[in-house]
Amino acid sequence: MADLAFLEQDAVDVAPLLLGATLRANGVRVRLTEVEAYMGERDPGSHAYRGPGRRNATMFGPAGRLYVYFTYGMHYCCNVVTGREGVASAVLLRAGEVVEGLELARERRPNAARDAELASGPARLTRVLGISLADDGTDLAAGPIRLEAAPDRAPAIASGPRTGVAGPGGGLEFPWRFWIPGEPSVSRYRPHVARRR
DNA sequence: AGCCGGATCCGCT
DNA sequence: GCGGATCCGGCTT
(Lines give C-alpha, C1' and ligand atoms only; values in the text may rest on other atoms or scores of the structure.)
Protein backbone atom coordinates (compact mmCIF):
# COMPACT_ATOMS: atom_id res chain seq x y z
CA MET A 1 0.00 0.00 0.00
CA ALA A 2 1.41 3.30 -1.08
CA ASP A 3 2.07 6.00 1.47
CA LEU A 4 -0.44 8.82 1.46
CA ALA A 5 1.44 11.15 3.79
CA PHE A 6 2.02 13.53 0.89
CA LEU A 7 -1.66 14.49 1.12
CA GLU A 8 -0.96 16.49 4.28
CA GLN A 9 0.00 19.65 2.40
CA ASP A 10 -1.89 22.37 0.53
CA ALA A 11 -4.01 21.22 -2.39
CA VAL A 12 -1.84 23.20 -4.81
CA ASP A 13 1.21 21.16 -3.79
CA VAL A 14 -0.67 17.85 -3.73
CA ALA A 15 -2.47 18.25 -7.06
CA PRO A 16 0.50 17.63 -9.40
CA LEU A 17 1.55 14.66 -7.28
CA LEU A 18 -1.86 13.04 -7.82
CA LEU A 19 -1.34 12.87 -11.59
CA GLY A 20 -0.62 9.22 -12.37
CA ALA A 21 -2.06 8.03 -9.04
CA THR A 22 -4.98 5.59 -9.21
CA LEU A 23 -8.36 5.55 -7.52
CA ARG A 24 -10.18 2.22 -7.27
CA ALA A 25 -13.84 1.79 -6.36
CA ASN A 26 -16.54 -0.77 -7.06
CA GLY A 27 -14.48 -2.87 -9.44
CA VAL A 28 -13.03 -0.07 -11.54
CA ARG A 29 -9.61 1.59 -11.32
CA VAL A 30 -8.87 4.98 -12.85
CA ARG A 31 -5.46 6.54 -13.40
CA LEU A 32 -5.74 10.28 -12.78
CA THR A 33 -4.84 12.55 -15.70
CA GLU A 34 -6.45 15.90 -14.81
CA VAL A 35 -7.07 17.57 -11.42
CA GLU A 36 -7.81 20.98 -9.91
CA ALA A 37 -6.71 22.43 -6.55
CA TYR A 38 -9.20 24.21 -4.27
CA MET A 39 -7.64 26.18 -1.44
CA GLY A 40 -10.48 26.43 1.05
CA GLU A 41 -11.61 29.43 3.01
CA ARG A 42 -9.27 31.86 1.25
CA ASP A 43 -10.23 30.62 -2.22
CA PRO A 44 -13.33 32.28 -3.74
CA GLY A 45 -13.75 29.30 -6.07
CA SER A 46 -13.90 26.77 -3.25
CA HIS A 47 -17.00 25.31 -1.65
CA ALA A 48 -15.32 26.16 1.67
CA TYR A 49 -15.00 29.87 0.90
CA ARG A 50 -17.91 30.77 3.17
CA GLY A 51 -16.84 28.54 6.00
CA PRO A 52 -17.94 25.10 7.13
CA GLY A 53 -21.45 23.87 6.42
CA ARG A 54 -23.31 20.65 6.03
CA ARG A 55 -22.27 19.96 2.46
CA ASN A 56 -18.58 20.80 2.76
CA ALA A 57 -17.87 19.38 6.24
CA THR A 58 -15.58 16.68 4.85
CA MET A 59 -13.29 19.33 3.36
CA PHE A 60 -12.47 20.50 6.89
CA GLY A 61 -11.56 17.03 8.07
CA PRO A 62 -8.22 15.22 7.91
CA ALA A 63 -6.34 14.54 4.68
CA GLY A 64 -6.97 11.35 2.77
CA ARG A 65 -10.76 11.39 2.80
CA LEU A 66 -13.07 11.51 -0.18
CA TYR A 67 -15.22 14.66 -0.52
CA VAL A 68 -18.24 14.01 -2.76
CA TYR A 69 -20.74 16.68 -3.74
CA PHE A 70 -23.90 16.82 -5.83
CA THR A 71 -24.28 19.47 -8.52
CA TYR A 72 -26.51 20.67 -11.34
CA GLY A 73 -29.32 18.64 -9.91
CA MET A 74 -27.96 15.39 -11.34
CA HIS A 75 -24.20 14.91 -11.09
CA TYR A 76 -21.74 13.82 -8.43
CA CYS A 77 -18.10 14.92 -8.36
CA CYS A 78 -15.32 13.80 -6.06
CA ASN A 79 -12.27 15.34 -4.44
CA VAL A 80 -9.35 14.14 -2.35
CA VAL A 81 -9.12 16.10 0.91
CA THR A 82 -5.63 17.41 1.70
CA GLY A 83 -3.94 19.45 4.42
CA ARG A 84 -4.34 19.40 8.17
CA GLU A 85 -7.60 18.76 10.00
CA GLY A 86 -9.53 22.01 10.43
CA VAL A 87 -8.10 23.43 7.21
CA ALA A 88 -10.30 23.09 4.12
CA SER A 89 -8.22 22.02 1.15
CA ALA A 90 -9.09 19.57 -1.60
CA VAL A 91 -8.25 18.40 -5.10
CA LEU A 92 -11.08 17.91 -7.59
CA LEU A 93 -10.59 14.83 -9.77
CA ARG A 94 -11.45 15.98 -13.29
CA ALA A 95 -10.42 13.13 -15.57
CA GLY A 96 -8.71 9.79 -15.74
CA GLU A 97 -7.98 6.69 -17.77
CA VAL A 98 -9.77 3.45 -16.91
CA VAL A 99 -7.03 0.89 -16.27
CA GLU A 100 -9.09 -1.89 -14.62
CA GLY A 101 -12.70 -2.98 -14.91
CA LEU A 102 -13.25 -1.76 -18.45
CA GLU A 103 -16.41 -3.83 -18.90
CA LEU A 104 -18.01 -2.44 -15.72
CA ALA A 105 -16.99 1.06 -16.73
CA ARG A 106 -18.67 0.68 -20.10
CA GLU A 107 -21.84 -0.56 -18.41
CA ARG A 108 -21.91 2.52 -16.20
CA ARG A 109 -21.30 4.88 -19.12
CA PRO A 110 -23.09 3.19 -22.03
CA ASN A 111 -23.12 6.34 -24.12
CA ALA A 112 -19.37 6.86 -24.16
CA ALA A 113 -18.25 6.60 -27.77
CA ARG A 114 -14.61 5.85 -26.94
CA ASP A 115 -12.87 4.42 -23.90
CA ALA A 116 -11.00 7.70 -23.45
CA GLU A 117 -14.36 9.36 -22.76
CA LEU A 118 -15.36 6.98 -19.97
CA ALA A 119 -13.85 9.20 -17.25
CA SER A 120 -13.27 12.40 -19.21
CA GLY A 121 -14.90 14.94 -16.88
CA PRO A 122 -15.43 15.06 -13.10
CA ALA A 123 -19.00 13.72 -13.11
CA ARG A 124 -18.09 11.02 -15.64
CA LEU A 125 -15.11 9.92 -13.55
CA THR A 126 -17.31 9.73 -10.45
CA ARG A 127 -19.99 7.78 -12.28
CA VAL A 128 -17.62 5.26 -13.80
CA LEU A 129 -16.34 4.48 -10.29
CA GLY A 130 -19.87 4.01 -8.96
CA ILE A 131 -19.31 6.72 -6.35
CA SER A 132 -22.19 8.72 -4.86
CA LEU A 133 -22.98 10.93 -1.88
CA ALA A 134 -23.03 7.88 0.38
CA ASP A 135 -19.25 7.70 -0.10
CA ASP A 136 -18.60 11.24 1.16
CA GLY A 137 -16.05 11.12 3.97
CA THR A 138 -14.62 7.70 3.07
CA ASP A 139 -11.05 7.09 4.27
CA LEU A 140 -9.04 6.47 1.10
CA ALA A 141 -6.29 4.59 2.92
CA ALA A 142 -8.40 1.92 4.58
CA GLY A 143 -11.92 1.68 3.17
CA PRO A 144 -13.43 0.05 0.08
CA ILE A 145 -12.38 3.03 -2.03
CA ARG A 146 -8.60 3.20 -2.34
CA LEU A 147 -6.19 5.83 -3.52
CA GLU A 148 -2.74 4.59 -4.51
CA ALA A 149 0.09 7.02 -5.11
CA ALA A 150 1.70 7.25 -8.53
CA PRO A 151 4.57 4.75 -8.92
CA ASP A 152 6.56 7.50 -10.65
CA ARG A 153 6.17 11.20 -11.06
CA ALA A 154 4.32 12.07 -14.27
CA PRO A 155 6.83 12.57 -17.10
CA ALA A 156 5.40 15.99 -17.89
CA ILE A 157 2.86 18.18 -16.13
CA ALA A 158 0.96 21.09 -17.62
CA SER A 159 -1.00 23.71 -15.66
CA GLY A 160 -3.50 26.42 -16.43
CA PRO A 161 -6.62 28.21 -15.22
CA ARG A 162 -9.32 26.18 -13.50
CA THR A 163 -12.09 25.15 -15.83
CA GLY A 164 -15.30 25.96 -14.04
CA VAL A 165 -14.27 28.94 -11.95
CA ALA A 166 -15.01 32.50 -13.04
CA GLY A 167 -14.32 35.86 -11.46
CA PRO A 168 -11.86 36.69 -8.68
CA GLY A 169 -9.80 33.71 -7.58
CA GLY A 170 -10.70 31.90 -10.76
CA GLY A 171 -9.79 32.90 -14.24
CA LEU A 172 -6.16 33.47 -14.99
CA GLU A 173 -5.05 34.45 -11.50
CA PHE A 174 -3.96 31.03 -10.31
CA PRO A 175 -2.94 28.13 -12.59
CA TRP A 176 -4.52 25.55 -10.32
CA ARG A 177 -5.59 23.06 -12.95
CA PHE A 178 -3.01 20.35 -13.65
CA TRP A 179 -2.96 17.65 -16.32
CA ILE A 180 -0.73 15.20 -18.12
CA PRO A 181 -0.21 16.58 -21.62
CA GLY A 182 -1.20 14.35 -24.50
CA GLU A 183 -3.60 12.16 -22.50
CA PRO A 184 -6.74 11.49 -24.56
CA SER A 185 -8.93 11.54 -21.44
CA VAL A 186 -8.03 15.17 -20.68
CA SER A 187 -10.86 17.41 -21.73
CA ARG A 188 -10.21 20.32 -24.00
CA TYR A 189 -10.11 23.54 -21.97
CA ARG A 190 -13.39 25.42 -22.02
CA PRO A 191 -13.42 28.86 -20.47
CA HIS A 192 -16.22 29.23 -17.99
CA VAL A 193 -19.30 31.04 -19.27
CA ALA A 194 -22.26 31.65 -17.00
CA ARG A 195 -25.37 29.93 -18.27
CA ARG A 196 -28.06 32.19 -19.64
CA ARG A 197 -31.56 31.98 -18.31
C1' DA B 1 -40.19 32.58 1.07
C1' DG B 2 -38.07 33.16 -3.16
C1' DC B 3 -34.55 33.63 -6.53
C1' DC B 4 -30.18 32.88 -8.71
C1' DG B 5 -26.62 30.27 -10.61
C1' DG B 6 -23.43 26.39 -10.33
C1' DA B 7 -16.14 22.74 -9.63
C1' DT B 8 -21.69 19.36 -15.62
C1' DC B 9 -23.15 16.33 -19.25
C1' DC B 10 -25.77 15.11 -23.23
C1' DG B 11 -28.25 15.42 -27.51
C1' DC B 12 -29.33 18.03 -31.35
C1' DT B 13 -27.86 21.54 -34.96
C1' DG C 1 -21.94 25.45 -30.73
C1' DC C 2 -26.27 25.69 -27.80
C1' DG C 3 -29.87 24.82 -24.60
C1' DG C 4 -32.26 21.65 -21.45
C1' DA C 5 -32.28 18.77 -17.46
C1' DT C 6 -33.12 19.36 -12.41
C1' DC C 7 -31.54 20.01 -7.14
C1' DC C 8 -29.44 22.68 -3.55
C1' DG C 9 -26.75 26.20 -1.07
C1' DG C 10 -26.42 30.86 -0.24
C1' DC C 11 -28.03 35.38 -0.45
C1' DT C 12 -31.88 38.73 -0.82
C1' DT C 13 -36.56 40.16 0.56
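Throughout, a chain's letter reflects where its sequence line sits, starting with A, and its residues are numbered from 1.
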Examine dC11(C): is either OP1 or OP2 under 4.0 Å from a nitrogen or oxygen in the side chain of Arg50(A)? Give yes or no. yes
Taking atom C1' in both dA7(B) and dG1(C), what distance in whole Å separates the two? 22 Å
Using distance alone, with no hydrogens and no angle criterion, decide if Glu34(A) and Ser185(A) have a side-chain donor and acceptor under 3.5 Å apart. no
What is the separation between atom NE2 on His75(A) and atom P on dC10(B), rounded to the nearest whole Å? 7 Å
Nucleotide dA7(B), atom P - distance to CG of Leu92(A) in whole Å: 10 Å
Give the rounded distance in Å between these two atoms: CE of Met59(A) and P of dG9(C). 15 Å
Measure from CZ on Phe178(A) to C1' on dA7(B) and round the result to the nearest Å. 15 Å
What integer distance in Å separates Tyr38(A):OH from dG6(B):P? 12 Å
Separation of dC11(C) C1' from Tyr49(A) OH (nearest whole Å): 14 Å
Aromatic contact between His47(A) and Tyr69(A), with the criterion being ring centroids under 6.0 Å apart: yes or no? yes
Tell whether Tyr72(A) reaches the base of dA5(C) with its side chain through a donor-acceptor pair below 3.5 angstrom. no
How many Å lie between CE on Met74(A) and P on dC9(B), as a whole number? 11 Å
For Met39(A) and dA7(B), what is the distance between atoms CE and C1' respectively, to the nearest whole Å? 16 Å
Is there a donor-acceptor pair closer than 3.5 Å between any side-chain N or O of Arg109(A) and the backbone N or O of Ala105(A)? no
Mate of dT6(C) where both pairing distances stay under 3.5 Å, Watson-Crick or G-U: none
Salt-bridged, Arg162(A) to Asp43(A), with N to O below 4.0 Å? yes
From C-beta outward on Asn111(A), which listed nucleotide comes closest to its side chain: dG11(B), dC7(C), dC9(B)? dG11(B)
dA7(B), OP1 or OP2 - any side-chain N/O from Arg177(A) closer than 4.0 Å? no
Taking only side-chain N and O atoms of Arg55(A), does any of them lie within less than 4.0 angstrom of OP1 or OP2 on dG10(C)? no
Categorize Tyr69(A) for me: base, sugar-phosphate, or nothing, with a 4.0 angstrom heavy-atom threshold over every strand shown. base
If pairing requires Watson-Crick or G-U wobble contacts with both distances under 3.5 Å, which nucleotide is the partner of dC12(B)? dG1(C)
Classify Asn79(A) by what it touches in the nucleic acid, base, sugar-phosphate, or nothing, heavy-atom distance under 4.0 Å. base
Quick one: label Arg109(A) by what it contacts on the DNA or RNA (base, sugar-phosphate, nothing), any heavy atom closer than 4.0 Å. sugar-phosphate
List the atom of Val81(A), the atom of Gly61(A), and the distance in Å for their closest heavy-atom pair. CG1-O, 3.8 Å
